[in-house]
Protein chains: 2
Amino acid sequence: MNKLSFDLSAYLKENKSLVESCLEKILGQLDPNLELVQAMGHSLMAGGKRIRPILGLAAAKACGKNILTALPACCAIEMIHTYSLIHDDLPAMDDDDLRRGLPTCHKKFSEATAILAGDGLLTHAFHVLTRPESLFEFYPDKSILLELVGRISDAAGVNGMVEGQMLDMQALSIAGKNGEKNGWNKERLLEHLKKIHGLKTGRMICVSVEAGALSVEAEPQQLACLMNYADNIGLAFQVMDDILNVEGDPEIMGKAIGSDLLHDKMTFPAILGLDKSKDYASGLIETSLTAIEGFDKNADPLRAIAQYIIDRDR
Amino acid sequence: MNKLSFDLSAYLKENKSLVESCLEKILGQLDPNLELVQAMGHSLMAGGKRIRPILGLAAAKACGKNILTALPACCAIEMIHTYSLIHDDLPAMDDDDLRRGLPTCHKKFSEATAILAGDGLLTHAFHVLTRPESLFEFYPDKSILLELVGRISDAAGVNGMVEGQMLDMQALSIAGKNGEKNGWNKERLLEHLKKIHGLKTGRMICVSVEAGALSVEAEPQQLACLMNYADNIGLAFQVMDDILNVEGDPEIMGKAIGSDLLHDKMTFPAILGLDKSKDYASGLIETSLTAIEGFDKNADPLRAIAQYIIDRDR
């Protein structure tokens, strides 16, 4: 594929703004005087790449259909992603004070408010999926909406994202020398790391593509190819994230691969080394592109997003 | 209604056991080795009256239909109720160590695990509603299931239970002498208290009855009567809870109505006094019984539950 044939930057900007205008509309139906709604809005409108909803829209586009039909599912997924960030940032979890340059929800409001704002976003995401007619011009029919609730709740819940966050927290005690002593060799660590990412972020990325395609009634064969694409870019995204974290950190780069500093975090460069991690990410992206090679130029946004994942600086 | 014509105690026992066997089946489909699933199960199977699902089953019965069709919605509602208890008990919220004689979820596991167990129960509740066929013998058709997701998510979310918990936390700073100084007279306090209870517990009680009736395709007229019934018993239940708390606490009973101890908590006896609170609860129950007087003896469980609310000792 000719990288210059598609203006990804303009595409991302346009679709991000489409998604954000819908998220604002969803918030606009709630009482702006409520502190709860303000806390939900603080996190939901704090920016971010909106990569999940954009992937959903791009999947609908790849099927040659009206992407606006995919917006209800895409917005619901972004609301669920945002709730997960609010809860992950809590003192009992990752204890982060800042996200995207802004105070985290519990810092700006309170811990209790942040827990409830997360709960509110998660619950309201499913509500939005059941009542799209008041918010969106186009939407899937009812049997598809129910199917979307089913697939999204599966990806976000105990078989997906929530269990992924649980494993991620538990992983802290596995990584490092203690892990090695307890039989966590390289292969086992790698499999476990892939499992954590697959659950914590992979399933929501995959369901974004899946929900976009389902919304526009993709053929089963199309859906299968798109989900294969999504599985591979989801993992590639995490591998690249780990790589960029290492390359961006002079303290880590100053030490040899395999040093304690690398080893104490369970990351792909720590397990595979930096070069093999890069090869791994490239291979995943190649597989993702092969998965959608049967699609016409409507799939160019998906292709450009895949390429961007290994080309991005940060 | 002749109170002796219906054995409520046997009815409650039988339906509680029906609900609990389904909740166990839902948990049984998840991996029992996961700490997350164990934490969800700890709270979900910790007992309790199961009053919400039983009300749903009783509403289906009142319509003369197969109550088993209402089970998916009833179980989803109980899962959502349980998640709300887990999050309410957290240190940042009510900071409770015990619930129903057992350690709360964050005490038994950890704060992070409790947050995730709540998130998992909430998310999985919606999943259960979309895939009833693997769990239940009878279930509503797909368009009704989508409507159930819509109504339950509305009652549980920012327009209902989540905002109710938010108001309940904020109410601590309104109650007592500070409130009076700031123009919170008796009428305004009473309205505000009714609003808190209406959102925090009333909407979920109402949607339990509504979901039970909708599951069996109740007529609009039946649905309206049942929701009127539910609104009134929901509030009566809260008024009686406040009354029983006062009567059960010798420290409060030893002081005059209107004492600081009473005033510092926003409760019905604190605002109305004990006798007027009892009259208020009785009036609500009378209204609830009138609302369903058009139903035949299939509504006897609903009638007996209403009566029980003002007759119970605790």
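Protein chains get the first letters and strands the later ones, always in sequence-line order, with residue 1 at the start of each. Here the structure is a predicted model, which means the values were calculated and not measured.
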> Where on B:Ile80 is there a heavy atom nearer than 4.5 Å to chain A: the side chain, the backbone, both, or neither?
Replying inline: neither

> Between B:Ile115, B:Leu129, B:Asn159, B:Val128, which residue shows the highest count of heavy-atom pairs closer than 4.5 Å to chain A?
Replying inline: B:Ile115

> Should we count CD of A:Glu133 as having more than 12 external heavy atoms under 6.0 Å?
Replying inline: yes

> If you count heavy-atom pairs under 4.5 Å with chain B, which of A:Gly157, A:Gly160, A:Gly150 comes out on top?
Replying inline: A:Gly150

> What part of A:Leu30 gets closer than 4.5 Å to chain B, counting heavy atoms only: side chain, backbone, both or neither?
Replying inline: side chain

> Any idea which of B:Met161, B:Glu147, B:Glu163 has the most non-hydrogen atom pairs under 4.5 angstrom with chain A?
Replying inline: B:Glu163

> Side-chain contact, heavy-atom cut-off 4.5 Å: A:Met166 with B:Glu35?
Replying inline: yes

> Picking from B:Ala92, B:Ser110, B:Ser84, B:Ala117, which has the most non-hydrogen pairs under 4.5 angstrom with chain A?
Replying inline: B:Ala92

> Relative to chain B, which segment of A:Ile152 carries a heavy atom at a distance below 4.5 Å: side chain, backbone, both, or neither?
Replying inline: neither

> Which atoms of A:Met40 come close to chain B, meaning under 4.5 Å heavy atom to heavy atom: side chain ones, backbone ones, both, or neither?
Replying inline: side chain

> Got A:Asp119 and B:Asp119 here, is their nearest side-chain heavy-atom distance under 4.5 Å?
Replying inline: yes

> Under a 4.5 Å heavy-atom cut-off, does chain B meet the side chain of A:Leu34, its backbone, both or neither?
Replying inline: side chain

> Any side-chain heavy-atom pair from A:Met93 and B:Leu116 closer than 4.5 angstrom?
Replying inline: yes

>> Report which part of A:Leu122 has an atom under 4.5 Å of a heavy atom belonging to chain B: side chain, backbone, both, or neither.
In response: side chain

>> Distance check, rounded to the nearest 0.5 Å: A:Leu145 atom CG versus B:Lys142 atom NZ?
In response: 12.0 Å

>> Is B:Asp31 in contact with chain A via its backbone, its side chain, both, or neither, using a 4.5 Å heavy-atom distance?
In response: neither

> Under a 4.5 Å heavy-atom cutoff, which of A:Glu111, A:His106, A:His87, A:Gln165 has the most pairs with chain B?
Replying inline: A:His87

> Is any side-chain heavy atom of B:Arg131 closer than 4.5 Å to a side-chain heavy atom of A:Arg151?
Replying inline: yes

> Any idea which heavy atoms bring B:Thr123 and A:Tyr83 closest together, and the distance?
Replying inline: OG1-OH, 4.4 Å

